[in-house]
Structures are given as structure tokens and as C-alpha cells.
Amino acid sequence: MTPTRRSLLTATVGATLMPALPRLGRAQAANTIRIGVLNDQSGAYRDISGPYGIECTRQAVQEFGNKGFAVEVIAADHQNKPDVGANIARQWYDQGVDLILDVPTSSVGLAVNNVAREKNKAYINTGSATSDLTGAQCGPTTVHWMYDTYMLAKSTGGAMVKAGGDSWFFITADYAFGHALERDTTAFVRAAGGKVNGSVKYPFPATSDFSSFLVQAQASRAKVIGLANAGADTVNSIKQAAEFGITRRGVKLAALLMFLPDVHAIGLQTAQGLVLTESFYWGLNDRTRAVTERLRPRLKDVKPNMASIANYSCTLHFLKAVADMGVAAAKASGTEIVNRMKAMPCDDDAFGPGTIRADGRKLCPSYLFEVKSPAESKAPWDYYKLLQTTPAEEAFRPLNEGGCPLVRS
Amino acid sequence: MDDIFGIPAPLLFGQLLLGLINGAFYAMMSLGLAVIFGLLNIINFTHGAQFMMGAFAAWMLLEWAGLNYWWALLLVPIIIGFTGVVLERLMISRLYKLDHLYGLLLTFGLGLIIEGVFRNQFGSSGLPYRIPPELQGAWDLGFMFLPIYRGWVVIAALVLCLATWLLIEKTRLGAYLRAATENAPLVQAFGVNVPRMVTLTYGFGVALAAIGGVLAAPIYSVNPQMGTNLIIVVFAVVVIGGMGSILGSIITGFGLGIVEGLTKVFYPEASATVIFVIMAIVLLARPAGLFGRA
């Protein structure tokens, strides 16, 4: 057969794509620890972690150095779909991946949680917010890193009620995460003597116009509109609330989950004055600035947020536990390696000292920030000022209230 | 305060108006699709990506060239329309003799590629684009607070739709277009350059999507996925209105915007689904669509 232009083109395209395919077929080295970063690389949550989360994982591996075993990092896109995520997780664990981490989107996070438990393999979730991961759905192989809906609800919700916002209306993304965030925040509002005037659940991810819900929220006469959503949905909600003059007329917006890249996307002009909670901010102290500086060659112009840098933090802790118990033992049982992680204190530049509880909850302080005005911001990504710190022991749901079976036994 | 079906009347009026605003986008987008399908017989799945390119082009003009919203409104349709012309000449024109399916696959693939390139370049969380100072602020209508910009979107969309309809139904050029839709070889025999007309029609349809993108930039997050969310709904609008029907797509666009708006009050969980339920019913009862010819 003489090569035609078309066959040549096909061959070229094929050859270009080849290196991108996962190279899992190779003979598995017994002395290699494999880490799979499973997150959203193409959808609404990409900028929160996505390619940056992978780079942060690689940075941790590099800083950990050579302790007598090799570490390989692979990555995949779960497209925010629970079935896709669970399939990749199953495949990875079967092919010798020792740890899956990241996994944003609570519905996917919960699906992978089940796979990890079934396969007895380690799973550190940094991306999903649902507090059920350490509650009713907790597992012996799962650790939940830097945040959850309870912590967000307590910090942002609690502060809003204290500041006089005692009547709420929720605009909620209609899936596991939105429901958990609304539920946890409602509990805090009621406990503080406030009331909930109503809520709407909108289809996720097919909604981009929120004006209708914002007008309904306004009609309910609530003092606070709670946005139980994330990513592009939060950005659209805040932009449109500004457009409809809702905040100018005294109604407060509570962005219950917002990350640094979201503030970047909205711009300080519109975002200024918003109150939000994160457990990491690059400009928080000398240690956070140092780790951000080390990450600069990898992240270029982008600053890390609590989600992407959590991959760095949890990878370091996992590798320390592996070094402590030996590669063979670490590879043998997800439960054992997670138990070892729980037994060892954590400490890194991103989140400082911390511990992991019996239910898999990693404890760290939560910080309530206010978004700066354009005049207050002195440099690119200089967006937050610290309002309040909740210490690690108080930031999360008390151990005995989550209903985690691991705690009772 | 009067209640209608348990909803306070002012809230209901507000929702009707908001539905009309979303309908303006549906109408503009489905109009472009209808024009393209009418003449080219191509189901243009790149339309969502071209809408997104319109919004990004407005952002680039502002950030890189310092040209404001009004310049964008003028220049973006020309620039993006031109990319459409190039696309038609290089790729789409090769498919006219093949089944519809090939055109659909090509444009769908192109849409994915364009979206991927923008995502790689600009990330997924979007870029800020402010409402032009002339259109900031809001009118108090008594029953609701209407941002001036949203009012402007409805007016701009109505004017565009009406102008397109007049162009196609009432001018000589439009008559050529309609004739070429019916029988292209015959029109060509009369000395009309049909291939060029086809190319320009595609460019025009794309330009309509790009204007939609510029109008959307200040109110929606300017991100690579912004077209994907819209395009599926817009296809449903086109199917309900009748493939290729100009007036059908305009009326259906505005009408379905209102239906969606009302659903957001009565049962918000279904607001993304209601249009497809209507589509299924229309396809069962009138397979050619409400305004289509069987």
C-alpha cells in the first residue's frame, strides 16, 4: 500500500497521542509506590485543583526525596461523573495504584470511597466537601483532608448569624454536595436562633442563569442568601446578584464555598467585601509563603488554594507513613497504611501541625476571610484579609456526632 | 397582594420578564442555527463554541487592545464571522454531498476542540467582564428591579431577530437565499453565485452567535464551557420551532425562555428538563415542529 496523505496524517496523529495514554501495562515494580490523582481536568472545578493539583502532588514527591523506594504519579479526569470516577478508581486499584487522592465533586468522592473500602486501598479525599465522608459513609481506608461542609457552615454560617444575619434563603446545587452544605448550614443558623425562609434546588451542572432564584430569594425577605454551590455556579450567582443590586439593598451574600480562583474570576470590584472560609491562604504566614514560592516554577502565575495544596500536604504525610512502615506492608493493606497515618502527627508548610482522627477527619484550623477591595490589594492574587481563626479542635464536627461506625467500635 | 397559583403576582411578573431575557439568548442562538440549517443543511454543533468565542473575543479586545464593549459589539461579529467563513471554505464545504450525520460529527468535534483549546489557555473558572458604564444601574418597575443591561439585551435581541427576518423575507438577497434553499442548481443557472452565498450565510449565522456571546459576557461567567450549557437547550428550541424556520425559532426561543422561567418558580429542580419534555411532546404530536413544514 502506498502511503496516502490521509494515512500519513492518521499515523502522525496516532503517534502524537501515544505518550498520553496511561502506561499501566508495564511490569509492576514491587518497590514503587503509585499515586493516582483523580480530579476534574475539563469542567467547572478544573481551576480549583485539576492540573495544579497534579503539580502540587509532584512537588510533594520531589520534596520527599529518595527514601529507598520510587514514587510514580499518574492522573485522570473523572469529568465530575460518579460512574466514570468509580470505574477509573477500580481499574487503578486493580493495576497496583496504592493511593488515590483529590477527587472533587461529592457524588464522585462518595463513589470512590466505596471502591477504596471494597479493595482495601488508601484514599485521601481533598476535593469533595460533603461531611458524610467522615460521617455515616466513613471508611477505614479513607482520610478527608482540609475541609468539609460542616467546617464551612460553622465558620461562614456562624459568623454571618453572629453579625445579625438571622434569616436565610438557600440557593442550592441539586446534588450530594449542595444538600450537605445546606443541611449543615441550616443546623448552625437554627442553633444560633436564626430561621430559614426558604430554598431552591437548581439542576447541576446545567444552570447558568441564577437571576430567577436570586429574585425569589429577595422576595422571601431573608437577610442572607446562602449560596450552597461552588465553582462557576458561585461565580455566576455573585455576578448576577451584583447586577440585580441585591447586595446594595442590604441583603448579604454568603458564599458558603469559595476558592481563591473564584475570587480571581469574579474580580475584586464585584467580589470585595464577601466573607468566605478556606483552610489555607498563600499569604497567611511565612510558611505558606515559603511553600507557595517553592511551587512557583510548577504553577507559574497561579497561586495555590486550599484544594490544590491539600494534595501536596496529604502526599507528604502519606509518603512519611510509607517510609515508616515499609513499602511491602504499605502496599499490602489500605487500612494498615491509613491507621499508620492516623497514628503519626502531620506537619507541613501548607497547613501547619495537625492530626487525623479515628473517623478519617484531618484536623486543621479554618480561617474566615474577607475579600479585599481593589484599593487594598497591593499585588496580583493579594485578595484576602483574615477576620477570624477557628482552632483545629473546634473547626470540625465533634467526633461523636458524625455517626461514623469506626468511632463506635 | 394578589396571589396567582400561590405565588405573589409581582414575583410571577418578575419571573416572566426574566424568562423573556433568557429567551432572547435562545432566540438569537436558534436563529443563527436555523439560518445555517435552512441553506446549508448543516446542523451546526460548533454554535456553542462560537458563542463562547464571541464572549472571549470581547474580553481580548478589552484587555489586549483597550477596546470597550461598544467596539466589541461591532468588531466581534466581523472577526468571529470571518473565522466561520474560513471554516466553511476549508472544511464544511466538503461535506455538502454527504449525509447530515457527517456535518454534525465534524461541527461537534470542532466545537470540542475549540472548547479544549480555550480551556487550556484560559482555565475553567472564567474571566471578569464588566457591564459597560452606560448600561449600569437598574429600573424599579414596581414589581421588580430590572437591571438596565438586561433590558438592553432583550431590545438588542429583538432588533437583531426582526432585522434578520426582514432581510430573509423581504429583500432581494433574502429571496435568492430562499430560492437557493429550495433548488440550488436552478438559482445557480440564473447566474447567482450560490457557493459564495452559502459561505456568507454560514459566516452570518456564526456572527449572530458571536453577538450573543458579547451580550452574554457581562452577565455570565466568561468561561470555555459557557456555550455547552446553552447549545443543548438551543437545539431543543430549534427542533420545537421546526428545523430551518426563521420565525419559528424566534417565537419558540422567547416562548421557551418564559416556560423555563415559570418552571424555576413552581418546580426549580425541573427547570433544566422542562424544555426537553416539551420537545418530546412536540415531536410526538407534530414531528416537523410547531412552525416547520412536513
Side-chain angles (χ1 to χ4, degrees), chain A residues 40-48 50-52 171-172 174 199-216 218-220 230-240 242-246 248-249 259-271 301-302 305, chain B residues 7-8 10-11 14-15 17-19 21-22 25 112 115-116 119-120 122-131 136-138 140 143-150 216 218-230 232-233 257 260-265 267-274:
Chain A
D40 175 11
Q41 313 236 343
S42 55
Y45 300 153
R46 172 191 178 275
D47 284 5
I48 293 163
Y52 312 111
I171 297 179
T172 305
D174 194 7
S199 78
V200 280
K201 292 186 174 56
Y202 69 84
F204 172 86
T207 305
S208 54
D209 187 62
F210 292 86
S211 52
S212 171
F213 309 127
L214 290 164
V215 170
Q216 289 181 47
Q218 205 176 15
S220 78
D233 289 358
T234 308
V235 173
N236 273 327
S237 307
I238 292 170
K239 255 185 127 164
Q240 289 163 16
E243 191 200 346
F244 278 77
I246 283 172
R248 256 179 285 136
R249 295 201 277 167
F259 297 91
L260 195 65
D262 299 327
V263 175
H264 190 67
I266 298 171
L268 289 184
Q269 187 64 39
T270 307
D301 304 333
V302 176
N305 64 75
Chain B
I7 307 282
L11 184 59
Q15 297 299 338
L17 193 61
L18 291 171
I21 297 166
N22 283 341
F25 283 107
L112 289 179
E115 203 186 301
R119 189 186 302 124
N120 235 9
F122 298 100
S124 68
S125 43
L127 305 165
Y129 193 90
R130 303 203 58 208
I131 295 174
Q136 277 173 13
D140 197 345
F143 62 89
M144 79 170 288
F145 196 66
L146 178 72
I148 294 174
Y149 189 81
R150 298 253 171 172
I219 42 181
Y220 298 129
S221 160
V222 180
N223 69 45
Q225 303 91 270
M226 66 190 290
T228 322
N229 290 338
L230 198 60
I232 304 295
V233 176
E260 197 191 53
L262 290 180
T263 316
K264 282 179 175 170
V265 186
Y267 192 62
E269 287 90 336
S271 59
T273 332
V274 63

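Throughout, a chain's letter reflects where its sequence line sits, starting with A, and its residues are numbered from 1.
- Heavy-atom pairs under 4.5 Å with chain A were tallied for B:Gln136, B:Gln15, B:Arg130; the largest tally goes to B:Gln15.
- For the pair A:Asn305 and A:Pro261, the minimum side-chain heavy-atom distance is below 4.5 Å.
- Using a 4.5 Å cut-off between heavy atoms, B:Leu127 contacts chain A through its backbone alone, with no side-chain atom that close.
- With a 4.5 angstrom heavy-atom cutoff, B:Val265 touches chain A via backbone and side-chain atoms both.
- In this structure, the portion of B:Pro218 lying under 4.5 Å from any heavy atom of chain A is its backbone and not its side chain.
- In terms of heavy atoms, A:Gly231 sits closest to A:Asp262 at CA-OD1, 3.8 Å.
- Residue with the most contacts toward chain B among A:Phe210, A:Phe204, A:Phe244: A:Phe244 (heavy-atom pairs, distance under 4.5 Å).
- For a residue to count as touching a neighbouring chain, one of its non-hydrogen atoms must lie under 4.5 Å from one of that chain's; by this rule A:Lys239 touches chain B with the side chain only.
- Closest non-hydrogen pair, A:Ala265 versus B:Gly126, comes out as CB-O, 3.4 Å.
- Within the 4.5 Å cutoff, no side-chain heavy atoms of B:Gln225 are placed close to those of A:Ser42.
- Of the two parts of B:Glu269, the backbone and the side chain both hold a non-hydrogen atom closer than 4.5 Å to a non-hydrogen atom of chain A.
- Here the straight-line distance linking atom CZ of A:Arg46 with atom OH of A:Tyr52 works out to 5.0 Å at 0.5 Å rounding.
- If you tally non-hydrogen atom pairs under 4.5 Å between each of A:Tyr202, A:Tyr45, A:Phe213 and chain B, the highest count goes to A:Phe213.
- With sequence neighbours left out, the salt bridge (charged side-chain N to carboxylate O under 4.0 Å, His left out) criterion links B:Arg150 to A:Asp209, A:Glu243.
- Only the backbone of A:Gln41 comes within less than 4.5 Å of a heavy atom in chain B; its side chain stays farther off.
- Per-residue heavy-atom pair counts under 4.5 Å with chain B were compared for A:Ser212, A:Ser208, A:Gly267, and the maximum is reached by A:Ser212.
- Checking each of A:Val235, A:Asn236, A:Thr234 against A:Ile238 for a side-chain contact (heavy atoms from CB on, under 4.5 Å) leaves exactly one that passes, namely A:Thr234.
- Put simply, of B:Leu17, B:Ile21, B:Ile219, the one with the most heavy-atom pairs under 4.5 Å next to chain A is B:Ile219.
- Shown here is A:Asp301, whose CG atom has no more than 12 heavy atoms of other residues, nucleotides or ligands within 6.0 Å.
- Of the residues considered (A:Gly43, A:Gly50, A:Pro51), A:Gly43 shows the highest number of contacts with chain B, using heavy-atom pairs under 4.5 Å.
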